[in-house]
Each structure stands twice: as C-alpha cells, then as structure tokens.
Amino acid sequence: MTHIPCWIISLNPVSEMATTLSTALTAQGVAHEFFPAVDGRQGMPALQGREHLDTPRTLRRHKRNLTSSEVGCYLAHYRAINKAFEQGLEHICILEDDVALEPDFARVLAELPGLPEDCEMVRLMGLRIRQRKLVSSIAGGTHNLVRPRRGWLGTQGYVLNRRGMQKFLDHAANIFEPIDKVLDHFWEFDLRIYGIEPHLIYELEHPSSIKNRCRFPTLESP
C-alpha cells in the first residue's frame with residue numbers, strides 16, 4: 001500500500017511527543033520525516049525569499065500585530081509546503097508533532113490520492129466543527145468526506161495536493177494573519193477544502209477538551 005509522504009513539523013524531533021508520533025507512523029507503514037519548525041519564541045524570525053510581513057494589513061484586519069511565535073508557526077507551515085512543491089510532490093501530509101494517530105490513519109490516508117483533483121486540501125481534524133456538507137463515504141464506509149462551509153480551526157494535520165499547494169503558496173507569501181486563520185479564510189483564494197470524519201488524528205495538549213469542542217452537528221446531505 002502506497003501512502004502520501006508525511007512531514008512532521010517539530011522544534012525537537014527527539015522529544016517524547018515527536019518520537020511517539022514517529023513510532024506510530026512507522027507502525028502503520030507511513031513514510032515520514034521531520035521538518036524543522038521555526039522558533040519565534042526569542043524574537044521575530046528572519047524572512048526568506050517571497051515571504052513578506054504585511055503589518056499594515058494585519059492591523060487593519062486584526063487590530064494588533066502578529067506575535068513572533070505566530071509568525072514562526074506560520075513560516076514553518078509555509079516553508080514545508082513550499083519545499084514539497086519544489087520537490088515536485090503530488091501530495092503532502094503535514095502533521096504537527098503534538099498529535100496522535102487514530103488506528104485507521106494509514107488506511108484512510110492511502111485513499112486520499114484517489115480523490116478528485118478538486119479536493120485540494122483535506123483537513124484531518126479540526127478544533128471547531130461547523131456547518132458542512134456530506135460529500136461521500138470513503139474507506140469502505142467507515143469515514144465521510146465532508147465540505148466545510150466555514151473554517152475548522154487548527155493546523156494540526158492536513159493533506160494538500162499539488163494544485164492546493166500552488167494556490168496556498170501564491171496567496172500565503174504575504175503574511176498578515178495566523179496560519180490557521182489563512183486556512184479558515186479559504187474562500188478568499190479559492191482553496192477547495194474538505195475534511196475527514198471521524199477525524200484521523202487528535203491533539204495531545206487538550207485530551208479532555210477536544211471531544212467537547214468537536215461534537216459534530218448534523219451533516220447536510222449531498
């Protein structure tokens with residue numbers, strides 16, 4: 001079974017959380033590697049290439065400046081997607097290192113390359129599930145592919161196809177809001193986002209609250 005390659009964004013690949021995630025991916029047969037996170041804790045990270053911090057737009061839109069940690073998180077995701085695109089990958093799975101896998105992660109992940117090209121991004125979990133539409137059943141009917149009408153919140157894990165990478169990179173080089181807000185405002189750059197239910201990963205930092213946050217409202221039928 002061939003899987004989409006997974007990159008784990010991590011400041012410390014030898015941490016307990018990161019190595020636990022790596023071990024779980026290996027156990028499910030998923031090829032993966034670590035991608036260096038950008039540390040914004042000690043100050044504003046240096047920008048590279050096309051990256052541009054649009055402070056006036058940030059202030060107009062959010063009434064405050066981005067923190068250096070927000071910019072660091074943003075750059076880590078942007079640079080991971082940019083590298084995947086430059087390497088010519090058709091799909092990439094990006095995971096943050098503070099997530100755990102559900103037992104059927106690999107089985108469902110293996111089916112995602114077969115989705116229509118229109119499925120440019122598939123979110124593997126969300127912190128806030130809002131109105132969305134049922135598209136189809138996948139993985140033998142154990143999971144649903146859904147189309148959110150609003151953002152799901154969070155960047156814990158997602159899959160992008162090549163067209164999705166291109167749309168994201170064309171839009172996101174101009175930095176004016178946190179990375180999860182960029183994805184939640186997907187309609188602004190016509191990124192076609194879908195999601196998987198039940199979720200394929202969950203966040204370790206909030207084991208007691210994720211379940212409450214992610215109670216699923218009723219799905220709209222196709």
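When reading the values below, keep in mind they use all heavy atoms of this one structure, side chains included, and skip hydrogens, waters and symmetry mates.
No donor-acceptor pair under 3.5 Å is formed between the side chain of Asp97 and the backbone N or O of Asn12. A donor-acceptor pair is defined here as one N or O able to donate and one able to accept, closer than 3.5 Å; no such pair exists between the side chain of Arg41 and the backbone of Ser69. In this structure, the side chain of Thr26 engages the main chain of Ser22 through a donor-acceptor pair within 3.5 Å. The backbone N or O of Val146 sits nowhere less than 3.5 Å from a side-chain atom of Asn144 that would complete a donor-acceptor pair. Checking side-chain atoms of Gln156 against main-chain N and O of Glu203 turns up no donor-acceptor pair under 3.5 Å. With hydrogens and angles disregarded, no donor-acceptor distance shorter than 3.5 Å links the side chain of Asn82 to the backbone of Leu169. Using modelled atom types, no side-chain atom of Gln131 and backbone atom of Arg149 make a donor-acceptor pair closer than 3.5 Å.
Here Leu145 contributes atom CG and Glu197 contributes atom CD; the two are 9.5 Å apart, rounded to the nearest 0.5 Å. Taking CD1 from Ile175 and OH from Tyr78, the interatomic distance works out to 8.0 Å, rounded to the nearest 0.5 Å. Here the straight-line distance linking atom CG of Asn161 with atom CD of Glu117 works out to 6.0 Å at 0.5 Å rounding. From Leu95, atom CG reaches atom OG1 of Thr155 across 11.0 Å, with rounding to the nearest 0.5 Å. Rounding to the nearest 0.5 Å gives a distance of 8.0 Å between CD of Glu111 and CG of Leu115. Distance check, rounded to the nearest 0.5 Å: CG of Leu160 to CD1 of Ile81 gives 5.0 Å.
In terms of hydrophobic clustering, with Ile, Leu, Val, Met, Phe, Trp and Tyr side chains grouped at heavy-atom distances under 4.5 Å, Ile94 and Ile179 are assigned to a common cluster. Under a hydrophobic-cluster definition in which Ile, Leu, Val, Met, Phe, Trp and Tyr are linked whenever side-chain heavy atoms come within less than 4.5 Å, directly or via other members, Leu47 and Phe168 are assigned to the same cluster. Under the 4.5 Å side-chain contact rule for hydrophobic residues, Leu101 and Ile138 share a cluster. Ile8 and Leu75 fall into different hydrophobic clusters, where Ile, Leu, Val, Met, Phe, Trp and Tyr residues are linked whenever their side-chain heavy atoms come under 4.5 Å apart, directly or through other members. No continuous path of ILVMFWY side-chain contacts below 4.5 Å connects Leu66 to Phe176, so the two sit in separate hydrophobic clusters.
Contact check for Leu204 versus Leu21: no side-chain heavy atoms found under the 4.5 Å cut-off. Considering only heavy atoms from C-beta on, Tyr74 stays 4.5 Å or farther from Val38 through its side chain. Here the side chains of Cys6 and Leu109 are in contact, with some heavy-atom distance below 4.5 Å. Contact of the Glu51 side chain with the Arg79 side chain is registered, since non-hydrogen atoms from C-beta on lie closer than 4.5 Å. Lys83 is listed as a side-chain neighbour of Trp7, based on a closest heavy-atom distance under 4.5 Å. Side-chain contact check for Leu112 versus Ile196: some heavy-atom pair is nearer than 4.5 Å. Cys93 places a side-chain heavy atom less than 4.5 Å from the side chain of Leu124.
Under the 30°/60° scheme for interplanar angles, the aromatic rings of Trp152 and His199 are found to be tilted. Using cut-offs of 30° and 60° for the angle between ring planes, the His32 and Phe34 rings count as perpendicular. The aromatic rings of Phe189 and His171 sit parallel to each other, their planes meeting at less than 30°, with 60° as the upper class boundary.
Closest of all the heavy-atom pairs between Val99 and Glu96 is CG2-O, 3.3 Å. Here the shortest heavy-atom pairing between Arg163 and Asp118 reads NH2-CA, 3.5 Å. Looking at every heavy atom in both residues, Pro13 comes nearest to Ala18 through O-CB, 3.6 Å. Listed here is the closest heavy atom pair of Pro148 and Gly195: CD-N, 4.2 Å. For the residue pair Leu127 and Gly154, the shortest heavy atom distance occurs at CD1-CA, 4.4 Å.
Remark: Asp184 engages Arg123 in a salt bridge, criterion side-chain N to carboxylate O under 4.0 Å. Taking a cutoff of 4.0 Å between a charged side-chain nitrogen and a carboxylate oxygen, Glu70 and Lys181 do not qualify as a salt bridge.
Relative to the six-membered ring of Phe186, Arg192 misses at least one condition, a distance below 6.0 Å or an angle of at most 45° to the axis.
Side-chain contact, Glu177 with His62: a donor N or O sits under 3.5 Å from an acceptor N or O.
Atom CZ of Arg150 has 12 or fewer neighbouring heavy atoms from other residues, nucleotides or ligands inside a 6.0 Å radius. Counting heavy atoms of neighbouring residues, nucleotides and ligands inside a 6.0 Å radius, atom CD of Gln42 does not exceed 12 of them. No more than 12 heavy atoms of other residues, nucleotides or ligands lie within 6.0 Å of CD in Glu16, so this atom counts as exposed by the packing criterion.
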Side chain to side chain contact (heavy atoms under 4.5 Å, CB included) between Thr58 and Leu53: does it pass, once the steps are laid out?
CA-CA 9 Å; Thr58 303; Leu53 195 60; 5.6 Å; no
Evaluate His143 against Arg107 for side chain to side chain contact (heavy atoms under 4.5 Å, CB included), listing each step before the verdict.
CA-CA 11 Å; His143 288 71; Arg107 182 174 63 86; 4.2 Å; yes
Step by step, would you call Leu59 with Asn65 a side chain to side chain contact (heavy atoms under 4.5 Å, CB included)?
CA-CA 6 Å; Leu59 291 172; Asn65 288 315; 3.5 Å; yes
Worked check of side chain to side chain contact (heavy atoms under 4.5 Å, CB included) between Phe85 and Ile92:
CA-CA 9 Å; Phe85 187 80; Ile92 186 65; over 6 Å; no
